[in-house]
Protein chains: 2
Amino acid sequence: MNVLSDRLVNLFGALAVGITDRIKKAAFDPTIPGGGETTAAIVVIGHATGLSIDELGRVLGLSHAGTVRLVDRLVAAGFAVRSKALRDRRAVALMLTEAGETRLSAILQRRNETLSEILSHVSNADRLVLERIAETILAQMSDDAVSALTICRLCDERRCYNCPMDAFGRLCCTIRSIGVTRPL
Amino acid sequence: MNVLSDRLVNLFGALAVGITDRIKKAAFDPTIPGGGETTAAIVVIGHATGLSIDELGRVLGLSHAGTVRLVDRLVAAGFAVRSKALRDRRAVALMLTEAGETRLSAILQRRNETLSEILSHVSNADRLVLERIAETILAQMSDDAVSALTICRLCDERRCYNCPMDAFGRLCCTIRSIGVTRPL
DNA sequence: GCATAGTGTATGCGCAGCGCATATATCACG
DNA sequence: CGTGATATATGCGCTGCGCATACACTATGC
């Protein structure tokens, strides 16, 4: 027997699914070729500028081949470039173009607006508790930088100070700051 | 300027994405042919026994053709049947087979276990607040039965008493109780 | 320095899932 | 009974992905 309320389990699951639908719908950009996780790829490259195709694939849960094609699409559309990695001449250092940065800003803005609208119906007191709950759960959901980036693949990292995913030096913010100098 | 904390917005979004990933991973059943929303289709048919292909397609966000093929796969695998609708001889009344019901139970059990494990790290006091927050947000996220079922497409309806999606007579639970007698 | 194993990237090939356009059957309404 | 709307089904082609493979570079051991 579980001490947890079945109702809470259900409501929490429905909430996550419903909110995620909204986020993905808001973040979706028809000018970016390719559905699925292509939009997330732009955010991830923005988070972890200089990451490799292999790392991007692990973050997005795609095969190498699938990731190569995804990057092909982004490059062809002018949103990302494959530049030379500093340490390893086999690897590619992915980064956004100006156009890619512009798309990224638009994606994050729409995401933030959607979430803000939804949260506006929650009282101030409850928001404090919600923030603590989210922090608690997130802090124990990832074991390494890859899984942290996966969870944060649609986050606005620039506005996430004190990111709980960062608690063990494995956060997205950390990854960005270390740039290409440290593999995921 | 938004009075909402940027950090809360980010953490809440990351939480939703991360939890949804976990739910979908847990619910995924390799014995069910076809990825994407095929698993959800079984849950939805279980929720709203007797619904039509058109209704299922709207709930899952698929085209008619895509939904027909999805149902083809479920039927071929022996998890669902197309039976005659009572009122409309054009329409199909979808329902699960014994094997489908078995799969449904397994899917929901894995989902519930995953969510329970995650929520076990939240204090009892915070759980009460979380339940209220989820209720508040969910109650204003859907306008009709289709969008309610979309949000509830991975829910364990049998354990969701007082479902907030039901508040306006448009809930998944309602849909089940009315069976085939009322279109979505 | 050199051989061998390991890693990162790219490509040929085929498959699965989906949407568009279309065809057919049934319903709703005058 | 005729016309338009609705529900389902299918042919066709596209897209995204994975598997297997090829190639380039790195790392390690001798």
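Keep in mind it's a predicted model, so treat the numbers as computed, not measured. Because only heavy atoms are used, hydrogens play no part in the values below, and waters and symmetry mates are left out as well, while side chains stay in.
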Rounded interatomic separation in angstrom, taking [atom1] from [X] and [atom2] from [N]:
X: B:His64; N: C:dT22; atom1: NE2; atom2: P; value: 16 Å
X: A:Arg69; N: C:dA16; atom1: CZ; atom2: P; value: 18 Å
X: A:Leu70; N: D:dT15; atom1: CG; atom2: P; value: 15 Å
X: B:Leu56; N: D:dA7; atom1: CG; atom2: P; value: 14 Å
X: B:Asp72; N: C:dC18; atom1: CG; atom2: P; value: 12 Å
X: B:Leu60; N: C:dC18; atom1: CG; atom2: P; value: 9 Å
X: A:Leu62; N: C:dT9; atom1: CG; atom2: P; value: 14 Å
X: A:Ile53; N: D:dA24; atom1: CD1; atom2: P; value: 17 Å

Notebook entry, point to check: Do the side chains of B:Thr38 and B:Phe28 get nearer than 4.5 Å, heavy atoms only?
Noted result: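 Sidechains of B:Thr38 and B:Phe28: no contact.
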
[Y] and [X] side chains, donor-acceptor separation under 3.5 Å:
X: A:Asn112; Y: A:Asp156; answer: yes
X: B:Ser5; Y: A:Arg127; answer: no
X: B:Ser52; Y: B:Asp54; answer: no

Notebook entry, point to check: Is the shortest side-chain N/O distance from B:Arg89 to OP1 or OP2 of C:dC27 below 4.0 Å?
Noted result: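 Answer yes for this pair, as a side-chain N or O of B:Arg89 is under 4.0 Å from OP1 or OP2.
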
Check: Within the structure, does a side-chain N or O atom of B:Arg73 lie under 4.0 Å from either OP1 or OP2 of C:dC18?
Finding: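 Yes, such a contact exists.
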
Given [options], identify the nucleotide with an atom nearest to the side chain of [X].
X: B:Ala65; options: D:dT8, C:dT9, C:dA21; value: C:dA21
X: B:Arg82; options: D:dT8, C:dC27, D:dA9; value: D:dA9
X: A:Asp54; options: D:dG18, C:dT9, D:dC12; value: C:dT9
X: A:Asp88; options: C:dT26, D:dT8, D:dT26; value: D:dT26
X: B:Ser63; options: D:dA7, C:dG19, D:dT26; value: C:dG19

Notebook entry, point to check: With a non-hydrogen cut-off below 4.0 angstrom, is B:Val92 in contact with a base, only sugar-phosphate, or nothing?
Noted result: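 Touches sugar-phosphate only.
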
Next item on the list: Output, in order, the C-alpha distance, side-chain angles, deciding distance and verdict of side-chain hydrogen bond (donor to acceptor under 3.5 Å, both in side chains) for A:Asn10 and A:Arg7.
Entry: CA-CA 5 Å; A:Asn10 249 315; A:Arg7 183 166 186 266; over 6 Å; no

Note to self: Taking donor-acceptor contacts at under 3.5 Å, does the side chain of B:Arg90 reach the base of D:dT6?
What the structure shows: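 Yes.
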
